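These figures come from a predicted structure and were not determined experimentally. Only this structure's heavy atoms are used, side chains among them; waters, hydrogens and symmetry mates stay out.
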Amino acid sequence: MLDLKFIRENRDLVERAARQKNARVDLDGILSLDEERRRLLGEVDVLRHDRNRASEEVNRLKKAGQDASELISRVRSDAERVKELEARLREVESKLFELVSYLPNIPAPDVPEGNPPDGNVVVRSWGEPPRFDFKPLPHYELAERLGLIDFKAAGRMAGSFFALYTGLGARLERALINFMLDRHRAEGYLEIAPPLMVNRRAMFNTGQLPKLEADMYRVESEDFFLIPTAEVPVTNIHQDAILSENQLPIRYTAFTPCFRLEAGAYGKDTRGLMRLHQFDKVEMVKFCRPEDSYAEHEKLTADAEGVLQALELPYRVVLLCTGDLSFAGAKCYDLEAWAPGVDRFLEVSSCSNFEDFQARRCNTRYRTRTGEVRLVHTLNGSGVALARTVACLLETHQRPDGSVVLPAALRPYLDNLEAITP
RNA sequence: GGAGGGUUAGGCUAACGGUAAGUCAGCGGACUUGAAAUCCGCCGGCUCCGAAAGGAGCCUUGGGGGUUCAAAUCCCUCACCCUCCGCCA
């Protein structure tokens, strides 16, 4: 959510940001409603002031044992007028809120302007893509041959875009989760196991609503949503809170499954682990002071990169251009790991700074050492998304005999197993 | 699912329908060599005026309605919490 005063004073900036993010917004409507709101507020304040003084007078008269009926009948019409104006004000405010809810966050100044894929900028790469003297297999073939995943069974019970991990496949999944959580814990993140369903407010606070309702699974009987990422419950931990400055930065890490409708994606990435309705992810979330958020963003990205490095997975860091930025994001790096079997980069992490956009909706603030109350900045990043990482892992570390070597960092989590063999 | 009780500011806690009292913590200041103690102020939001410092007004007792000149208080509704019953891993 953007601040109304900011919108009023930076109309061009807000309009440009919306255009850059390919969002259609009604700035005229917002500004005229805002003007009407302030006009009504001024009017109603004066009336309320008069009414309050009259009420006090009634109180005085009654306490003095005098008759107040004349004053009461005189003030009654004013009180009714206040009611009318208040009703009108509520109407204007709710329309205004509705419109402002659709305004996307402003991209940071150093975010390249443009649209994907051309507009995105690769800022650095790590690792050499492996060279094979045989034709590397895609992960879904490896997984099937090694008995790690049964896509057919998943399809029978749930449908396409689901995976069912078996045996070592299931253990590998669990090992990766534990490995990542342990790693982030050592980096100073507090581990969280949050609800996997959240209410509408939580989903609104992080910016998934109102725009993306069609992309999410909803439990109709309770108006709950299945979380599309742990970002939602974890960012909402401090809803309506005033934190103290010396608590910041706060770092959380959480493993959760993530549920995504992927509406409109049918026919794309239909095989394997690249696109699923449900996938596991370890997430990192930070709350910090505004002046620290861009430094924290770099550190967060580095923490996500550390996971890929430890797994010996070559990747590149992509700075998203304005047209690829999410609704709530101000700046975002995607980490794309190389998947030689399917011969492409797969997005396995997204590290974003939301500045105060989510904090304003969550009403998450902190008190400075001098007693001032300010909004925090929120950030999050995947550290990292499992399914695609498993795909990259199998494809990158495969050998000619169809086996897969496990990176050393993962072996302690799998009874020191060195390779998965047929 | 049923019955009852509850929700007041960062925490705790008052208020016969009469205009939110205290307290602890925190911040600033006074006092002090320094600290503690003590005292004073601040410690939600919006609008307007002002270059600013600041000032004025309104709103804020879980959310939203209603009754009333006036609502923390009465009524309706929703959310959440607690207790008991039922069901249940």
Counting side-chain heavy atoms from C-beta on, which of B/G18, B/U47, B/G44 comes nearest to A/N59?
-> B/G18

At under 4.0 Å between heavy atoms, what does A/R53 touch on the DNA or RNA strands: base, sugar-phosphate, or nothing?
-> sugar-phosphate

Side chain of A/K5 (C-beta onward), nearest among B/A70, B/C58, B/U47 | B/U47

Think A/R51 has a side-chain N or O under 4.0 angstrom from the OP1 or OP2 of B/U68?
-> no

Would you please confirm or rule out a distance under 4.0 Å between OP1 or OP2 of B/U47 and any side-chain N or O of A/R8?
-> yes

Measure the distance from CG on A/L40 to C1' on B/C58 and round it to the nearest whole Å.
-> 14 Å

Do A/Y333 and A/H297 pass the ring pair (Phe, Tyr, Trp, His ring centres under 6.0 Å) test, and can you show the C-alpha distance, the side-chain angles, and the key distance before you say yes or no?
-> CA-CA 9 Å; A/Y333 294 113; A/H297 186 214; 5.0 Å; yes

Looking only at side-chain atoms of A/R48, point me to the closest of B/G65, B/C59, B/G18.
-> B/C59

Among B/C69, B/G65, B/C43, which is the nearest nucleotide to the side chain of A/V75?
-> B/C69

From B/C58, B/G45, B/U19, pick the nucleotide closest to the side chain of A/R365?
-> B/G45

Span that lies between the P atom of B/A14 and that of B/G22, in whole angstrom = 15 Å

Atom of A/H139, atom of A/L273 and distance for their closest heavy-atom approach | NE2-N, 2.8 Å

Sorted by position of nearest nucleotide on RNA chain B, 5' first, the leading residue of A/E57 and A/D240 is A/D240

Between A/D356 and A/A359, is there a donor-acceptor pair closer than 3.5 Å when you use the side chain of the first and the backbone of the second?
-> no

Per A/S55 side chain, nearest of listed nucleotides B/G44, B/A70, B/U47 = B/A70

Separation of A/E35 atom CD from B/C48 atom C1', in whole Å?
-> 14 Å

Counting distance only, does the side-chain N/O of A/R218 pair as donor-acceptor with the main-chain N or O of A/F225 below 3.5 Å?
-> no

RNA chain B nearest-nucleotide lookup for A/V58 and A/D45: closer to the 5′ end is A/D45

Among the nucleotides B/C69, B/U19, B/C58, which one has an atom lying closest to any side-chain atom of A/E56?
-> B/U19

Could you state the CZ-P distance from A/F97 to B/C46, rounded to the nearest angstrom?
-> 14 Å

Where the side chain of A/R367 meets the backbone of A/E245, is there a donor-acceptor pair that is under 3.5 Å apart?
-> no

Hey, does the side chain of A/D415 reach the backbone of A/L417 with a donor-acceptor pair shorter than 3.5 angstrom?
-> no

Grab the stems for RNA chain B, please: at least three consecutive Watson-Crick or wobble pairs, both distances below 3.5 Å, written as range with range.
-> B:1-7 with B:79-85, B:10-12 with B:22-24, B:26-30 with B:38-42, B:44-49 with B:54-59, B:62-66 with B:74-78

For the pair made of CG in A/N199 and C1' in B/G62, what is the distance, rounded to whole Å?
-> 14 Å

Closest of B/A70, B/C58, B/G10 to the A/K83 side chain is B/A70

Taking OP1 and OP2 of B/G26, is either one under 4.0 Å from a side-chain nitrogen or oxygen of A/R369?
-> no

Any donor-acceptor N/O pair, A/N199 side chain to A/A202 backbone, under 3.5 Å | yes

Which whole-number value in Å describes the distance from A/M1 CE to B/C46 P?
-> 13 Å

Spacing of the C1' atoms in B/C82 and B/G10 (rounded, Å) = 23 Å

Between A/R374 (CZ) and B/C43 (C1'), how many Å, whole number?
-> 16 Å

Crowded around A/E43 CD? As in, over 12 foreign heavy atoms under 6.0 Å?
-> yes

Please state the C1' separation for the pair B/U23 and B/C87 - nearest whole angstrom.
-> 44 Å

Length of the CZ-P vector between A/R201 and B/G64, whole Å | 12 Å

Could you work out which one of B/U19, B/C46, B/C58 sits closest to the side chain of A/K63?
-> B/U19

Any A/N363 side-chain N or O less than 4.0 Å from OP1/OP2 of B/G45 = no

Spacing between A/L47 atom CG and B/C59 atom C1', to the nearest angstrom = 15 Å

Taking the side chain of A/I242 as heavy atoms from C-beta outward, which of B/U67, B/U47, B/G10 is closest to it?
-> B/G10

Looking just at side-chain N and O atoms, do A/S293 and A/N353 make a donor-acceptor pair shorter than 3.5 Å?
-> yes

Does A/R367 make a side-chain N or O approach to OP1 or OP2 of B/G44 shorter than 4.0 Å?
-> yes

OP1, OP2 of B/C58 versus side-chain N and O of A/H49: anything below 4.0 Å?
-> yes

